[in-house]
2 protein chains.
Amino acid sequence: MDKRATIKDVAEAAGVGIATVSRVLSGGSASPQTRERVLAVAAQLDYRPSAVGRNLRQRRTGGLGLLVPDLTDTFFGQLAEGALAYARSAGEPVVLGSTGDDPEQESEMIGMLLEQSVDRVVAVPSGDAETWQPALRAGMTVVFADRLPVEGADPAGEGPDRDLMLLDGLPPARPSRPLDVPAVLADDRSGIRTAVRYLRGLGHRRIAYLGGPGHDRRAEAFREAVGAPADEELIVFATGSRDSAYAAASGLFQSRPDLSAVVAGGNVLGEAAVLAARELDLRVPRDVSLVMYDDVPWAELCSPPLTVIAQPGRDIGYRAAELVLRTGARRPRTVVLPTELIIRGSCGPYPGRPGAGVRA
Amino acid sequence: MDKRATIKDVAEAAGVGIATVSRVLSGGSASPQTRERVLAVAAQLDYRPSAVGRNLRQRRTGGLGLLVPDLTDTFFGQLAEGALAYARSAGEPVVLGSTGDDPEQESEMIGMLLEQSVDRVVAVPSGDAETWQPALRAGMTVVFADRLPVEGADPAGEGPDRDLMLLDGLPPARPSRPLDVPAVLADDRSGIRTAVRYLRGLGHRRIAYLGGPGHDRRAEAFREAVGAPADEELIVFATGSRDSAYAAASGLFQSRPDLSAVVAGGNVLGEAAVLAARELDLRVPRDVSLVMYDDVPWAELCSPPLTVIAQPGRDIGYRAAELVLRTGARRPRTVVLPTELIIRGSCGPYPGRPGAGVRA
DNA sequence: CTTATCCATGGAAACGATTCCATCATGCTT
DNA sequence: AAGCATGATGGAATCGTTTCCATGGATAAG
């Protein structure tokens, strides 16, 4: 009663060979009466084929690996739900890892997936290309979601190339040494540009960008959107943690009291910005306007409700899982999903020079 | 290059038997020089033992199953992070399932875990005892987190017993037919009681409770805390979805304009309450006071910041994983973790009769 | 010097499934 | 009627690991 029935038990109870049982269960040929008997016995014994046995024989584990930085971040929660939804519809189990935005942990998780023979992975990468090399070399099918691996020190003298591109001012369409990995991303460029234009239209000129890890593309898009040589002091970065985000936001507000608008590159950053602003007695949007990346449920709860750049977190996860699980068919290199600027109440007109603003 | 090295490859390359390789790698006895050679070869071939092979042989898959209703709910995100953290420290992979608060999906996920031979599970249950019977019968080690299975129709004529207990007014210390499953829970009773006392201290008398699925214990605790026969109209429930939560909150406010305070039994409910209140032009806390279960980061972002009953989501997940993964040692039946009332700004004094309130 | 002990070692079985292949019976064609 | 094709069926190999057991050599004890 404690142990599960095996195929052998079923075979004996039905008076047939194990090969026949296997065939019946996986849709092979068998006579109707045999099939019926086997099915009946299997049901009666509550038999379930062992995925472990099957995986060993077929030399591959079905299933999907899912690596995200932090499930506490609502956006990644949405992304995970999307991936889970597709996996469920495909009947595949999901092995989850949370990396804490730490390349080392990510590396460990990759190792574990390798050991588990999970050879298809959806990841929000924290490490660089080198971190992912082992996975690829081992033949894993990987799809990145939400972002691409950071471009760290180039492994093999690609320096000049990269410098050149930076000098060009525009972000390169493809990273200097792209991994050959498909990705599902939000249209950061368009999202950021729309937000910046919106803010400029309200009269804002000193617009800051508050960035998180792994989203160089957003920062680049911001630089591009503000045009001219950007004021680099207005572009600050935090690591993944809430503390770091708060410190960055607070530091930004204090060091540059002349800024009048902030674009937060993620919901944790946005949260930090709201908190830091309140702490410093900056009113939103009277003193500072705020646009946040990610539309999360609580954005509406803030007062004023936050104007956001919505990206379809759930869809990103869903599409990524679909990409990695659906074998065959030519796989597109990269899928870019649209973003949408949702205007609520956290942006106001430029208040003008201090003291001469709209304050009645 | 496409396929991984097996133990046989290592054995051949090192000129030893596979048994020796296995022994070296799993810490058995071997001569120093053999050990060294094997280790060197293994490293050179980048050999990783296949978990599938091992699991088959040992007739059990290591690893932890994790079943939560919805990763989009920050509380479950925290809980999952906790469980993941412990699993990581134990070196165990985690198989994740999101049930959407649907017993049927939960049942399917249990079946999948069974197939995968994942025999240790942490679950936030959505189904009733019957849903979990198959898992238990199959010998799974299960630990419930955050809540217990709802007590549905009793399978075997326990009706009278249950009725009796309901008539008694107090919730039973143990459910009528408890599964023999340990659990890690927050101290709902104390949390709710503290919140209700706090509200009463502010003068509130008509206090409503907005409950989610699976938390009968909280509702019971609420009934107990308000004492006397509770006004059942002031106790409403929603299913897990945001829409349902909003509908419930909105309906509550509209049908009972005389209420002056609400206890929301979860962060999704709290969110709905804030939204519904705003929509109906009820100001918090002037018109209605609000206490929410769960301390989530955005509680501080609301204005006014939300007074909450904080429960340690991360710890709940961590402890549950520890309980299920740490073999041996007498396992406690149930762990109850403390809650804490965090007073922020969403509760005010009772405004008195309409028009005679504290409005200056 | 002989015998008992101990340890390193490798062969082989086992885990639970899939799948190739041989076997056998049946029905059809010529 | 004989041969051939077809289809159902079971035996056995296989996947990669762990673990039991036998073997053999070396060392210690008598």
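An angle of 50°, rounded to 10°, separates the two end axes of the helix from C:dC1-D:dG30 to C:dT30-D:dA1, each defined over five pairs.
In this structure, B:Val95 and A:Val94 have side chains that are not in contact, with every pair of non-hydrogen atoms separated by 4.5 Å or more.
Under 4.0 Å is where a charged nitrogen must lie from a carboxylate oxygen, and between B:Asp101 and B:Arg147 at least one such pair does. A salt bridge does not link B:Arg137 to A:Asp46: none of the charged side-chain nitrogens sits closer than 4.0 Å to a carboxylate oxygen.
At least one donor-acceptor pair under 3.5 Å links the side chain of A:Arg4 to the backbone N or O of A:Arg48. Judged purely by atom type and a 3.5 angstrom limit, A:Asp9 uses its side chain to pair as donor or acceptor with the backbone of A:Thr6. Here the side chain of A:Glu92 pairs no donor or acceptor atom with the backbone of A:Leu64 at under 3.5 angstrom. No donor-acceptor distance shorter than 3.5 angstrom exists from the side chain of A:Arg120 to the backbone of A:Val324, with no hydrogens or angles considered.
In terms of phosphate contacts, B:Ser29 brings no side-chain nitrogen or oxygen within less than 4.0 Å of OP1 or OP2 of C:dC7.
Between the CG atom of A:Asn55 and the C1' atom of D:dT14 there is a distance of 15 Å, given to the nearest Å. Rounded to a whole Å, the CZ atom of B:Arg35 is 13 Å from the C1' atom of C:dT9.
Within 6.0 Å of CD in B:Gln58 there are more than 12 heavy atoms belonging to other residues, nucleotides or ligands.
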Original post:
In B/S/- notation, 5' to 3', how is nucleotides 15-20 of chain D contacted by protein heavy atoms closer than 4.0 Å?
Top reply: BBBBB-
